[in-house]
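Presented below is the structure to which this report refers.
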Number of protein chains: 2
Amino acid sequence: MRQAAPTTTFMDTGHDHAHCLDEALDRAAALCADRGVRLTALRRRVLELVWGGHKPLGAYDILETLKAERRGAAPPTVYRALDFLRTHGLVHRIESQNSFVGCPDPNKPHGGQFLICRTCGLAAELNDSGVDQAIRKSAAKAGFSVGRPIIEIQGLCPHCRKKG
Amino acid sequence: MRQAAPTTTFMDTGHDHAHCLDEALDRAAALCADRGVRLTALRRRVLELVWGGHKPLGAYDILETLKAERRGAAPPTVYRALDFLRTHGLVHRIESQNSFVGCPDPNKPHGGQFLICRTCGLAAELNDSGVDQAIRKSAAKAGFSVGRPIIEIQGLCPHCRKKG
DNA sequence: GCTATAATGTTATAGTATAACACTTAAAAG
DNA sequence: CTTTTAAGTGTTATACTATAACATTATAGC
């Protein structure tokens, strides 16, 4: 085990984000090494951009930055990197926003549970077993076999509630 | 009150769908009358198409049908009708599929909880208070104020499990 | 080094959604 | 009943999101 439990709640605005980022990149490198897959410079860079903050980024936002750095970056450049990162659980897609955010806990396979602030745009990943169990129970009642649960809760984060 | 509690689980393949559809249109007419808003021919027709089955439809699928019926139907034609229907809770958007499905219970305001079969594409709307409570509890722990919860559970419906 | 495979570059296009303005129809006011 | 006003729809153009298909380059294993 390389890391202690990663962040799952809203960060202070002034938290040490460089630390989050470094840890995320270290986890990714370790995970890819374990699985014998390649965290190439491009994939690493895209992951870095996604972890640039706790606010989900659009694919074309990422592309804008890449274009300034690499000759000929195009949509497939970023979508392919994102596909790789998602396959390995390093990044989640926020379905309700067409955006992407780093996963703080890529080793544990899970669907995403997100709290998303409608004011500041920050997203926090939950992974609440109570929610998961309630869903499984409810699905079971309908005779439904649960594959990938998508949970995206729009609302107000603690900071924006106070300022509100 | 015009109607008894509407469907919330997976329908038999051979259920009386004409009945579902009629009830949905009646509910919509009553709701619009109550609220003093207009269920125009276009809006009614789009709702009818969305309720053509229990499988969510894409906006451009709806558009294809409309084009055959109305001169000059274009994307705004269908998106505007869908916006109206969504505003009044008559239709939900399935975020993970860019598709739209009729709501069986438009009077009770609620975010959508959906079970979506990855094989046959059918969607069933839940509205499980256990799930809702688990989410509220978990969000409260993070100091987050819940607005609109989006829950889309991909998996296998009872019929597709059996056919396997 | 050679070969097979994986990754990326490159061009084109598909699929989803909205902006902006013109026109028509229906409701409200007189 | 007509005028006025607002709501709804038509129409054109365009923005945003994502993938297909094929060429080229880089990497890993032999």
Side-chain angles (χ1 to χ4, degrees), chain A residues 28-29 32-50 55-88 90-101 121 150 152, chain B residues 28-29 32-50 55-88 90-101 121 150 152:
Chain A
C32 288
D34 275 1
R35 298 190 186 178
V37 295
R38 293 168 54 201
L39 187 62
T40 62
L42 173 61
R43 290 166 176 173
R44 191 185 144 89
R45 181 60 179 140
V46 169
L47 182 60
E48 204 176 0
L49 292 173
V50 167
K55 182 170 172 172
L57 284 185
Y60 283 75
D61 296 333
I62 297 167
L63 181 54
E64 278 312 290
T65 305
L66 280 185
K67 270 179 168 165
E69 301 172 354
R70 317 179 133 250
R71 179 196 78 117
T77 310
V78 53
Y79 281 105
R80 285 194 287 228
L82 287 171
D83 285 347
F84 171 87
L85 296 169
R86 291 171 67 198
T87 295
H88 293 287
L90 296 162
V91 162
H92 290 292
R93 181 170 200 272
I94 306 291
E95 302 292 342
S96 57
Q97 304 188 154
N98 301 331
S99 64
F100 301 86
V101 69
I150 296 168
E152 299 176 5
Chain B
C32 289
D34 274 2
R35 299 190 186 176
V37 296
R38 292 167 56 202
L39 187 62
T40 62
L42 173 61
R43 290 166 176 174
R44 192 186 143 92
R45 180 60 179 138
V46 169
L47 182 61
E48 205 176 358
L49 292 173
V50 167
K55 181 169 172 172
L57 285 185
Y60 282 75
D61 297 332
I62 296 167
L63 180 55
E64 278 313 288
T65 305
L66 281 185
K67 270 180 168 164
E69 301 172 356
R70 314 174 66 95
R71 179 196 77 116
T77 311
V78 53
Y79 280 105
R80 285 194 287 228
L82 288 171
D83 284 348
F84 172 87
L85 295 169
R86 290 170 67 198
T87 295
H88 292 288
L90 296 163
V91 161
H92 290 291
R93 181 170 202 271
I94 307 290
E95 302 291 343
S96 56
Q97 306 187 151
N98 300 330
S99 64
F100 302 87
V101 69
I150 295 168
E152 300 177 5

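Reminder, nothing fancy here: chain letters follow the sequence lines and each chain counts from 1. Since the structure is predicted, the reported quantities are computational estimates derived from the model, not experimental observations.
Looking at B:T65 and B:R45, their side chains come closer than 4.5 Å, going by heavy atoms from C-beta outward. A:L49 is not listed as a side-chain neighbour of A:V78, based on a closest heavy-atom distance of 4.5 Å or more. At a threshold of 4.5 Å between non-hydrogen side-chain atoms, the residues A:H88 and A:F84 count as touching. Residues B:V50 and B:L85 fail the side-chain proximity criterion, which asks for heavy atoms closer than 4.5 Å. Counting only heavy atoms from C-beta outward, the side chains of B:L82 and B:I62 approach each other to under 4.5 Å.
Atom CZ in B:R44 sits roughly 14 Å away from atom P in D:dT9 (whole-Å rounding). The CG-C1' distance, from B:L63 to D:dT9, rounds to 14 Å in whole Å. The distance between atom CG of B:L82 and atom C1' of C:dT18, rounded to the nearest whole Å, is 13 Å. We find that OH of B:Y79 is positioned 17 Å from C1' of D:dT11, with the value rounded to whole Å. If you take CD of A:Q97 and P of D:dC16, they are 16 Å apart, rounded to a whole angstrom. Between A:L39 atom CG and D:dT27 atom C1' there is a gap of 15 Å when expressed in whole angstrom units. Put simply, CZ on B:R86 is 15 Å from P on C:dT16, counting in whole angstrom units. B:D83 has its CG atom 13 Å from the C1' atom of D:dG8, to the nearest Å.
Across all non-hydrogen atoms, the minimal contact from A:L42 to A:A81 is CG-CB, 4.5 Å.
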Counting primed atoms plus P, OP1 and OP2 as sugar-phosphate and everything else as base, spell out the protein contacts along nucleotides 5-15 of chain C at 4.0 Å heavy-atom distance: B, S or - for each nucleotide, 5' to 3'. --SBBBB----
